[in-house]
2 protein chains.
Amino acid sequence: MAVPERGARERMVFSAAQLIRRDGVAATGMREVAAHAGAPRGSLQHYFPGGKEQLVNEAVEWAGRYAADRVARFLAALPEPTPSGLFAEMVRQWTDEYESVGFAGGCPVAAATVDCAESTASTRAAVAEAFATWTAPVARALTDMRVPEERAAALATLMVSALEGAIVMARAERDIRPLTTVARELGPLLDAAMIQDG
Amino acid sequence: MAVPERGARERMVFSAAQLIRRDGVAATGMREVAAHAGAPRGSLQHYFPGGKEQLVNEAVEWAGRYAADRVARFLAALPEPTPSGLFAEMVRQWTDEYESVGFAGGCPVAAATVDCAESTASTRAAVAEAFATWTAPVARALTDMRVPEERAAALATLMVSALEGAIVMARAERDIRPLTTVARELGPLLDAAMIQDG
DNA sequence: CGCACGCTATGACAGCGGTCATAGTAAGTG
DNA sequence: CACTTACTATGACCGCTGTCATAGCGTGCG
């Protein structure tokens with residue numbers, strides 16, 4: 001049980017997230033996930049006895065943790081942390097991807113929300129949890145930058161909302177403009193929330 | 001050809017939009033659309049020889065026009081038009097729906113983007129067009145409120161992005177908080193873009 | 001009446017989806 | 001060696017999907 005787990009199972013969850021963010025949940029098949037992960041088809045029912053629902057939920061959870069972890073990395077990369085700087089990094093992750101590999105993929109959490117929010121209760125709970133997991137470190141980073149606590153939570157929600165919406169628009173237009181626009185317009189607002197002291 | 005068209009065909013396009021915004025494109029079946037519209041199944045291939053792709057595209061176009069038309073109504077409802085007031089109305093349409101009928105539905109354009117952006121070229125073009133159709137009157141409204149032209153386009157993109165993202169988060173959390181938060185936090189920024197004159 | 005045209009009605013088809021059942025391998029343990 | 005446990009391998013099943021083919025209705029026109 002101790003660390004035998006860096007093999008097929010993990011790869012399948014990762015592959016599921018990859019395929020979901022590209023084609024949506026319904027259009028992503030189990031066999032396709034196994035093939036994409038280079039994992040045997042028989043392992044699906046072994047590792048995910050809960051079926052597709054379980055696999056999708058784990059993919060969503062994985063995506064939430066991934067996004068949260070990125071926040072720490074973004075902060076570490078900033079010479080002098082500011083709210084606008086953090087948001088610019090969050091946006092840049094997407095503009096980089098879109099400019100280098102194209103507009104094939106969106107956010108898997110958003111995809112799962114759109115496809116399953118009404119039909120699958122457990123997945124709806126998973127996406128809610130994923131957004132919370134993602135938003136929390138953003139809000140925490142803002143408070144560390146002298147943004148008042150209640151304001152920080154609200155601005156974190158605004159940042160994630162604007163980013164998610166801009167991702168959708170960017171994919172639709174096949175242009176990163178919505179992403180860069182959102183980063184540029186929101187930057188000053190975010191920085192203005194910091195408490196100034198002499 | 002003149003106005004014989006308020007029957008089954010239009011209802012099917014409308015029903016398609018309804019079902020897509022609830023379950024996504026892939027999970028919405030043709031037979032289901034016909035049933036929801038109270039239209040005969042045989043009419044599908046008659047009115048939409050292009051198949052599901054055509055039906056989905058028309059639903060997206062319809063949604064884009066609908067959103068654009070709402071902008072004019074929102075403006076008319078405002079005693080004194082301001083950017084924040086317009087955005088508040090746009091958001092309120094969603095909070096009203098979610099509070100009265102629940103969180104079953106999201107934005108059909110976003111759903112089509114998530115599900116078809118990579119798989120179906122014509123639908124991707126349709127969603128891009130829908131976003132443009134929607135954003136244009138918003139930008140125009142801002143310029144009418146003395147917001148400089150380039151700034152108006154950028155802010156319109158920001159408004160739509162933030163709204164779309166907040167819709168996704170609200171559905172995930174089954175809580176309108178992301179929507180109200182976004183409206184509150186973005187309001188001052190939007191109003192500040194108006195040119196003041198003595 | 002005859003014919004055309006717009007629309008509807010079914011049924012069939014081929015494909016793919018997730019899931020289950022069953023059997024098989026391989027390694028480790030006593 | 002027997003036996004368990006972890007994992008893999010297939011194949012079949014059933015339901016559903018989009019699409020096509022074909023035939024039927026009903027109205028209006030000549």
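This structure is a prediction, so every number in the text was calculated from the model and none was measured. Chain letters run A, B, ... following the sequence lines, proteins first and then strands; every chain starts at 1.
Summarising the geometry, the separation between CZ on B:F48 and P on C:dG6 is reported as 17 Å, rounded to the nearest angstrom. B:Q45 places its CD atom 9 Å from the P atom of D:dA21, with the value rounded to the nearest Å. Rounded to a whole Å, the NE2 atom of A:H46 is 17 Å from the C1' atom of C:dT19. B:L44 has its CG atom 12 Å from the C1' atom of C:dA9, to the nearest Å. Separating the CZ atom of A:R11 from the C1' atom of D:dC7 is a distance of 13 Å, rounded to the nearest angstrom.
One N or O on the side chain of B:T95 and one on the backbone of B:R92 form a donor-acceptor pair closer than 3.5 Å. Using modelled atom types, one side-chain atom of A:R21 and one backbone atom of A:G106 make a donor-acceptor pair closer than 3.5 Å. A donor-acceptor contact shorter than 3.5 Å links the side chain of A:S100 to the backbone of A:E97.
Considering B:I20, B:V114, B:V127 as possible partners of B:V109, the one that fulfils the side-chain contact (heavy atoms from CB on, under 4.5 Å) test is B:V127.
Counted within 6.0 Å of CZ on B:R11, heavy atoms from surrounding residues, nucleotides or ligands total more than 12; the atom is thus considered enclosed. Within 6.0 Å of CZ in B:R174 there are more than 12 heavy atoms belonging to other residues, nucleotides or ligands. Residue-environment remark: CD (A:E149) stays at or below the threshold of 12 foreign heavy atoms within 6.0 Å.
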Below 3.5 Å is the cut-off: list the nitrogen or oxygen pairs between protein and nucleotides 23-28 of chain C, distance only.
none

- Message: Between A:F131 and A:E164, does the side chain to side chain contact (heavy atoms under 4.5 Å, CB included) criterion hold? Intermediate values first, please.
- Response: CA-CA 11 Å; A:F131 275 128; A:E164 286 286 2; 3.6 Å; yes
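Within a heavy-atom distance below 4.0 Å of DNA chain C, the residues of residues 20-41 of chain A found are A:T28, A:G29, A:M30, A:R31, A:R41. Of all the residues in residues 116-127 of chain A, not one reaches under 4.0 Å from DNA chain C with any non-hydrogen atom.
In this structure, B:R171 has no salt bridge (Lys or Arg N to Asp or Glu O under 4.0 Å) partners at least two apart in sequence or on a different chain. Shown here are the ring-ring contact (aromatic ring centres under 6.0 Å, His included) partners of A:W134, two or more places apart in sequence or in another chain: there are none.
Side-chain polar atoms of B:D23 and A:S119 form no donor-acceptor pair below 3.5 angstrom. At a cut-off of 3.5 Å, with distance as the only test, a side-chain donor of A:E53 or A:S122 sits close to an acceptor on the other residue.
The terminal axes of the helix from C:dC1-D:dG30 to C:dC16-D:dG15, fitted over 5 pairs per end, subtend an angle of 20° to the nearest 10°.
Nearest nucleotide to the side chain of B:Y47, out of D:dT19, C:dT8, D:dC7: C:dT8.
Ion pairing of A:E129 with A:R65 is absent here, as no side-chain N (NZ or NE/NH1/NH2) approaches a carboxylate O to less than 4.0 Å.
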